[in-house]
Amino acid sequence: MTSTPHLLATRNLIARYGDFQALFSVDFRIGPGEVVALIGANGAGKSTFLRALMGLLPVGRDMVFFEDQPVGGSQPHHMVQLGVAMVPEGRRLFAGMSVEDNLKVAIDHARKTAEKTWTLERIYKLFPILQEKRAAQVEKLSGGQQQMVAIGRALLAQPRLLLCDEISLGLAPKVIREIYEVLPEIAKTGTSIIIVEQDVMLAQRASNRLYCMLEGHITLESLSSDVTRADIAQAYFGAGHEVA
Amino acid sequence: MKWLDALIQGVLLGGMYAQYALGMALMFGVMRLVNIAHGDLVVLLALIGISASVAFGIGPLPLVLILVPLAALIGWSLQKFVLNKVVGADSLPSLIATFGLSIALQNLMLEIWSADTRSMRGGGIESASIDIGGIYIGLLPVLILVAATLLTGGLDLTMHRTRFGRALRAAAADTEAAAMTGVNPRVVYAYATAIAVGILGLSGVFFALRATVSPADGPAQLIYAFEAVIIGGMGSIWGGFVGSMVLGIAQAIGFRIDPGFGTLAGHLVFLTVLATRPQGLMSRG
């Protein structure tokens, strides 16, 4: 590969749902400790891309590389062992189970490492409200608290790459701020983060680099600090759209 | 006295149903897999037990030690080679697959054992009883009840206190989310079905000791197990136990009212629960 070390890269990634092709030769890379945002309109293929990385969609072996090893199409629990964890869209908590049991499932099946970066104590320090609610069933929690459980659950898998799918969706602005405040702390531990986000400004602020997707294609790749609103509008809506 | 006796006999009958209901509570209540062959598997294991006891002259206890691992292996294979193909989908494919298995098993058993009813000799244990103030309590039904209670308690603890239990509940709640949390749902489900059917190895021996067995008896046991789980509440392990007690007591009282009314009384109580408390007695919902 190239001189810059990649934690994860995709080459010519293609994914389809039956006859419908959702991703067209996506080339993507993320380095260790990097925060990369993926923006795009509804249906652009952002969630599909994350699902393909997590092993939830069948893709070719040599379409996804983790530390230069081809891992495309591996089972999700293998991806967890490699160091990929996901905060799925809609949180997808284990209903009927307590906050702590939800988190313990992740602890039980975490990536095997000598040193655990994330412990239950650390998650409770990051989100103190979860300690208070640890015995409560997850469906009794507010949306923001559920999102915290989903993030905690992913972190306890001891990821080297965290996939965050629409973690601001349906939350109050104050709660979104709280959630996004923890991302730098996660990145500080050396964990790379991919954030899929509807809110373009938020995505740009929170990331080092960003990609924009349109109808299954990558239409923009840039440093987040360099990109202009005109570039984004062009990539987000496609050619021929007036820039606002 | 007559009604107290009916109540006690009902609880003891419920103990037998609880053994069937336990595996059903796990597979249907928690994993949402419909195993129509559940009752036929009990009958199959009972018939294997009867034949083995005759052929090798072994008693009930060594039989249990052979049948439980055999049953667990059957359960594991059923999940690995049949039901795991339909994990994550709705419950209809599992219903159809096991419905076919049920019919095949019944015909296979008919071929091997014919339609004759059989029973197992237990060296006197099947007819031993204790006389408590004029009420005769069979030793075997008490043993069955104790075993059912211990198994239910053990399984409930397993579900709530162990790594395996948490993984199973997580996979049942959201298979895909469990997978992305590092759980391999197929492996967890294979072990769970091994437990569910493994318990039937013990139930099969008790069934053969307590009653007569013939290849067509499966569907009735299946219905009792289904009803017990639904009366008790989906997703609750103790619910299956409580549902079995309700069913057993209703049948025993029904039999005292009229010998032809017993089984129907159980179904009527089931329908009443379904109409007035469809989420089941033990469900938090």
Side-chain angles (χ1 to χ4, degrees), chain A residues 47 50-57 74-112 135 137-140 146 149-159 161-165, chain B residues 25-33 79-80 84-85 87-89 155-192 229 232-240 279-280 282-285:
Chain A
S47 291
L50 293 191
R51 290 173 61 80
L53 296 188
M54 194 70 231
L56 294 165
L57 274 180
S74 298
Q75 294 281 313
H77 60 273
H78 285 139
M79 296 309 292
V80 171
Q81 285 307 314
L82 286 174
V84 183
M86 182 160 167
V87 185
E89 184 177 357
R91 305 183 275 270
R92 309 277 296 265
L93 298 179
F94 305 130
M97 294 171 67
S98 69
V99 169
E100 194 149 304
D101 276 356
N102 264 264
L103 298 174
K104 275 184 177 167
V105 173
I107 296 173
D108 292 339
H109 300 84
R111 177 170 69 97
K112 287 165 189 68
Q137 293 210 1
V138 285
E139 55 267 42
K140 303 268 197 299
Q146 289 188 6
V149 178
I151 294 171
R153 183 177 69 179
L155 289 175
L156 286 166
Q158 314 296 330
L161 171 63
L162 183 68
L163 314 176
C164 297
D165 196 356
Chain B
L26 193 58
M27 287 190 71
F28 179 52
V30 177
M31 293 152 70
R32 302 292 161 117
L33 284 172
Q79 187 68 41
K80 181 155 174 74
N84 267 351
K85 313 283 181 214
V87 159
L155 189 63
D156 188 67
L157 279 179
T158 304
M159 290 296 288
H160 288 96
R161 297 271 180 275
T162 67
R163 177 184 194 267
F164 167 76
R166 279 192 294 272
L168 179 60
R169 284 189 296 146
D174 188 330
T175 311
E176 212 173 73
M180 67 177 86
T181 311
V183 176
N184 185 349
R186 288 162 196 279
V187 169
V188 172
Y189 271 24
Y191 285 135
V229 170
M234 298 283 282
S236 163
I237 298 295
W238 276 109
Q279 73 273 34
M282 296 279 283
S283 176
R284 273 173 291 205

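These numbers come from the heavy atoms of this one structure, side chains and all, not from hydrogens, waters or symmetry mates. Given the structure is predicted, the values throughout are model-derived calculations rather than measurements. Every chain is numbered from 1 and lettered A, B, ... according to where its sequence line falls, protein lines coming before strand lines.
Of the atoms belonging to A/Ala106, heavy atoms from both backbone and side chain fall under 4.5 Å from chain B. Residue B/Ala178 touches chain A through both its backbone and its side chain, counting heavy-atom pairs closer than 4.5 Å.
Heavy-atom pairs under 4.5 Å with chain B peak, among A/Arg111, A/Gln75, A/Arg153, at A/Arg153.
Under a 3.5 Å cut-off, the side chain of B/Arg163 and the backbone N or O of A/Asp108 do form a donor-acceptor pair.
Residues B/Ala173 and A/Phe94 come closest through the heavy atom pair CB-CA, 3.9 Å.
The distance from atom CE of A/Met97 to atom CZ of B/Arg169, rounded to the nearest 0.5 Å, is 4.0 Å. Atoms NZ and CZ, on A/Lys104 and B/Arg161 in that order, are 8.0 Å from each other to the nearest 0.5 Å. Interatomic distance, CG of A/Leu103 versus OG1 of B/Thr181, reported as 10.0 Å (0.5 Å rounding).
A/Asn102 is linked by a side chain to side chain donor-acceptor pair (under 3.5 Å) to nothing, counting only residues two or more places apart in sequence or in another chain.
By a heavy-atom distance cut of under 4.5 Å, A/Pro76, A/His77, A/Val80, A/Met86, A/Pro88 are the residues of residues 76-89 of chain A near chain B, going up by number.
Counting heavy-atom neighbours within 6.0 Å of B/Tyr191 OH, excluding the residue itself, gives a total of 12 or less.
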